[in-house]
Every structure is written in C-alpha cells, then in structure tokens.
Amino acid sequence: MAKYRIAWMPGDGVGNDVMDCARLVLDKLALDAEYISADIGWEFWRTEGEALPERTIKILGETDCALFGAITSKPKEEAEAELDAALKGQGLVYFSPIVRLRQLLNLHTNLRPSKAYPGNPLNYRDDIDIVIFRENTEGMYSGVEFYPLPQEVYDALSANHPKMAKFGKFGLENIALSTRIMTRQGCENIVRQAFDYARKFGRKSVTVVDKPNILRETGGLMIRTAREVAKNYPGIELWETNIDAQCMWLVKNPQIYEVLVAENMFGDILSDLAAQLVGGLGFACAANIGDEYALFEPTHGSAPKYAGQYKVNPTAMILTVKMMLDWLGETGMAGRLEEAVAEVIAAGQVRTYDVGGSNTSTEVAEAVVARL
Ligand code: IPM
Ligand code: MG
C-alpha cells in the first residue's frame with residue numbers, strides 16, 4: 001500500500017491542465033502516493049445539480065489530503081440558467097464547492113505565500129517574501145445572507161439596533177443583508193497560526209489587518225484578540241493596520257511585511273494583491289489547512305477560455321504541490337521542488353505567455369522535472 005492517499009480533483013477549466021503538470025513533478029519526485037480521482041465542479045452542477053457530490057466527500061474522508069485544480073463560480077441566477085433542462089425549477093441553489101469544503105472539513109487556515117523568485121520579470125521587487133494567513137471558515141464568507149430581508153430578521157435587528165430604523169422605508173423586498181460573523185475562537189486560531197509560523201521561520205513581525213475603526217465589533221474583536229495572542233510571542237512585533245491602507249502599503253513597501261493575518265474576505269483581497277507583486281496568479285500557491293486534513297489549491301481560478309490549451313502558468317500549482325509536501329512532512333522533497341522551480345524562473349528560458357514567453361504549461365513543468 002502507498003504511504004499516502006491523495007484525493008485528486010482537477011475541477012474546472014484549466015484545473016486539468018495544471019494538475020497534469022503537478023503529476024509530472026510528483027512522479028519525478030516518486031512520492032509514495034496513491035491518487036484517487038474525485039468529481040467536483042461545474043460539470044457536476046449542470047448534470048447532477050451538485051458541484052460537490054456525496055461520493056467526493058466520501059473520498060475526502062478516506063484520504064490524507066487533497067490536491068485541487070480550479071473551480072468556476074457563478075452568481076445564483078447564472079448558475080440556475082446553466083442547469084440541464086430536467087433539473088431546472090427544482091429550487092437547486094449553487095454554492096461554491098470550495099467555500100463549502102473549507103467549512104465542511106473545517107479547513108480554518110488558508111495559508112498563502114507570496115515570494116519573489118529572482119529572475120521573474122513580473123516581480124515588483126526581488127525581496128518580497130510575504131505569507132498571508134487568511135481565516136477560512138467564517139467572517140464575510142459565513143454564508144448567512146438574506147434577500148429579501150425576512151420580517152422577523154428586520155424586527156429583531158430593529159429592536160436591538162437603532163441604526164436599523166432608517167432602512168425600513170425602502171421595503172424589505174429591496175434590502176439585501178450579508179453578515180460578517182467572527183468568533184473569538186476563529187480570530188484566536190488564525191492569529192496563533194500566524195505567530196507560530198513567524199516563530200518557526202524567524203520572522204520578526206506579524207501584521208493584523210482589519211478595519212476596527214468602522215467594523216468596531218468584528219474588527220475590534222480581531223484586533224483585541226491579536227493583542228492577547230501576541231503577548232505569548234515575545235520578540236515578534238504585532239503591527240496593526242487597516243485593510244485600505246494596507247493595500248496601499250503593499251504597493252508602496254511590500255518588502256517590509258513578513259506575515260499578514262486577516263479575516264476571510266480581507267485575506268481574499270490581500271492575497272490577490274500580494275500575488276500580483278510577485279508575478280500574479282500564475283505564481284500564487286495556497287493551502288487550506290485544518291486540524292487533521294488539508295486541501296491544496298492554487299489561488300487562481302479556472303480561466304475557462306484557456307481550458308485544455310496547456311497555456312496557463314503551472315508554477316502556482318507546482319508551488320502548491322510543494323506546500324502539500326511540506327504539510328505531509330516530506331520537507332526534503334518540498335525543498336528540492338522549490339529549488340527546481342526557482343532555478344527555472346532564474347534561468348528564464350522556459351516561460352508561459354503571462355511571463356512574456358510562448359512555452360506551454362507542460363514545457364514549464366518538464367523544465368522543473370529536468371532540474372529535479
Ligand atoms: C480564492 C477564490 C475563492 C474565494 C473563490 C473562487 C470562491 O477567490 O480562493 O481566493 O473567494 O475564496
Ligand atoms: Mg480570491
């Protein structure tokens with residue numbers, strides 16, 4: 001029996017292209033693993049009315065971790081319109097399967113490194129090395145939303161908050177409400193992960209990013225919790241910033257930031273911005289980590305227009321494989337893989353279109369394999 005069982009989920013669009021690249025490097029590294037294919041994505045939504053079938057959840061329960069390509073997400077009405085005729089009108093509602101998986105498997109920590117590999121012409125600067133800890137199961141992604149606003153919800157809010165009164169005149173059918181639910185436990189966990197990481201890798205600061213001057217309750221909870229947690233980590237400074245200013249500073253002085261920690265939505269925004277500083281989504285890897293299970297996925301989406309063309313940059317996916325190897329404890333392999341990727345970038349001979357080259361995804365992966 002293989003040492004590891006890994007769920008293999010290409011998902012939508014270019015997910016398949018980049019997962020083929022992942023397989024090339026994993027086979028070269030000869031990781032002792034069995035890969036179990038699992039269905040997920042738009043095709044299963046259209047034909048079965050379920051983007052995340054039960055059989056896939058079962059496979060996840062029987063594996064050590066999952067490797068995931070990309071997913072297509074569309075707003076509610078558009079999703080309904082694409083259902084097979086037989087499934088329409090049954091009240092099926094599309095939810096992003098990746099967001100569901102994060103919650104279902106309690107993958108509370110989304111770890112997103114943005115590191116500049118020298119030689120990448122898309123780098124803002126070559127000395128950027130930022131790691132983002134994004135809370136992954138609550139906050140603005142809690143999924144507790146209403147439209148139209150139910151009378152009971154309106155009444156309860158009005159009875160408990162004076163600011164609600166001014167909305168009544170618009171009519172409940174014209175009011176949409178999305179909630180940002182944050183728990184002390186959720187805040188504490190993500191901040192702790194960030195500090196543990198800083199301590200382990202010798203980083204000197206952790207920056208907690210929110211907007212406590214406006215989002216006084218949720219943002220306030222995050223900042224106060226961060227201050228508490230920080231007390232346990234002498235020698236590591238806690239920096240506190242607002243999300244808007246932090247976006248500006250990441251463009252102005254990205255090299256001074258080491259570890260950023262944020263609520264789900266702010267982390268989502270920060271991680272796209274940070275990714276662009278080091279070459280864009282073609283270089284942005286990510287890990288969704290829980291207590292016992294983890295799911296590894298590049299930050300990029302499914303780019304449907306490039307699907308099957310083996311055109312997109314597989315570096316994000318290959319670095320995602322590196323994160324998986326680290327999590328599995330195969331740190332030697334992870335290190336060799338990262339070195340090979342860094343060498344290919346530095347040599348600058350084999351590049352996909354986003355980096356100004358004309359090589360295919362597969363050629364980039366093969367160049368990494370050759371260095372290994
Ligand atoms: C990400 C993506 C997802 C998110 C989408 C695809 C649901 O943007 O992983 O950052 O919003 O979390
Ligand atoms: Mg995102």
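In this text, all values refer to a predicted model and were calculated from it rather than measured experimentally. We're numbering straight along the sequence, starting at 1. Remember, it's 1-based here, ligands and their atoms both numbered in the order they're listed.
Taking the centre of each ring, Trp42 and Tyr94 come in below the 6.0 Å mark. Aromatic rings from Phe133 and Phe195 are positioned such that their centres are separated by 6.0 Å or more.
Within Asp268, the N, O or S atom at minimum distance from the Mg ion (ligand 2) carries the name OD1.
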Under 3.5 Å, which donor-acceptor pairs do the side chains of residues 362-372 form with other protein atoms, sequence neighbours left out?
{"residue": "Glu363", "atom": "OE1", "partner": "Asn359", "partner atom": "ND2", "Å": "3.0"}
{"residue": "Glu363", "atom": "OE1", "partner": "Thr360", "partner atom": "N", "Å": "3.0"}

Can you give each donor-acceptor pair under 3.5 Å made by side-chain atoms of residues 280-297, sequence neighbours left out, with the distance rounded to 0.1 Å?
{"residue": "Asn288", "atom": "OD1", "partner": "Arg102", "partner atom": "NE", "Å": "3.0"}
{"residue": "Asn288", "atom": "OD1", "partner": "Asn110", "partner atom": "ND2", "Å": "3.3"}
{"residue": "Asn288", "atom": "OD1", "partner": "Asn136", "partner atom": "ND2", "Å": "2.7"}
{"residue": "Asn288", "atom": "ND2", "partner": "Leu295", "partner atom": "O", "Å": "3.1"}
{"residue": "Asn288", "atom": "ND2", "partner": "Glu297", "partner atom": "OE2", "Å": "3.0"}
{"residue": "Asp291", "atom": "OD1", "partner": "His108", "partner atom": "NE2", "Å": "3.0"}
{"residue": "Tyr293", "atom": "OH", "partner": "Thr63", "partner atom": "OG1", "Å": "2.7"}
{"residue": "Tyr293", "atom": "OH", "partner": "Cys65", "partner atom": "O", "Å": "3.3"}
{"residue": "Glu297", "atom": "OE2", "partner": "Arg102", "partner atom": "NH2", "Å": "2.7"}

Show which side-chain atoms of residues 338-345 pair as donor or acceptor with protein atoms under 3.5 Å away, not counting sequence neighbours.
{"residue": "Glu338", "atom": "OE2", "partner": "Lys115", "partner atom": "NZ", "Å": "3.0"}
{"residue": "Glu338", "atom": "OE2", "partner": "Tyr117", "partner atom": "OH", "Å": "2.5"}

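Checked for salt-bridge contact, Glu240 and Arg227 meet the test: a charged N lies under 4.0 Å from a carboxylate O.
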Check ligand 1 against the protein and report each N/O to N/O distance under 3.5 Å, formatted as atom name, atom name, distance.
{"residue": "ligand 1", "atom": "8 (O)", "partner": "Asp268", "partner atom": "OD1", "Å": "3.4"}
{"residue": "ligand 1", "atom": "9 (O)", "partner": "Arg102", "partner atom": "NH2", "Å": "2.9"}
{"residue": "ligand 1", "atom": "9 (O)", "partner": "Arg112", "partner atom": "NH2", "Å": "2.7"}
{"residue": "ligand 1", "atom": "10 (O)", "partner": "Arg112", "partner atom": "NH1", "Å": "2.9"}
{"residue": "ligand 1", "atom": "10 (O)", "partner": "Arg112", "partner atom": "NH2", "Å": "3.2"}
{"residue": "ligand 1", "atom": "10 (O)", "partner": "Arg134", "partner atom": "NH1", "Å": "3.2"}
{"residue": "ligand 1", "atom": "10 (O)", "partner": "Asp268", "partner atom": "OD1", "Å": "2.8"}
{"residue": "ligand 1", "atom": "11 (O)", "partner": "Tyr141", "partner atom": "OH", "Å": "2.5"}
{"residue": "ligand 1", "atom": "12 (O)", "partner": "Arg102", "partner atom": "NH1", "Å": "2.8"}
{"residue": "ligand 1", "atom": "12 (O)", "partner": "Arg134", "partner atom": "NH1", "Å": "3.2"}
{"residue": "ligand 1", "atom": "12 (O)", "partner": "Arg134", "partner atom": "NH2", "Å": "2.8"}

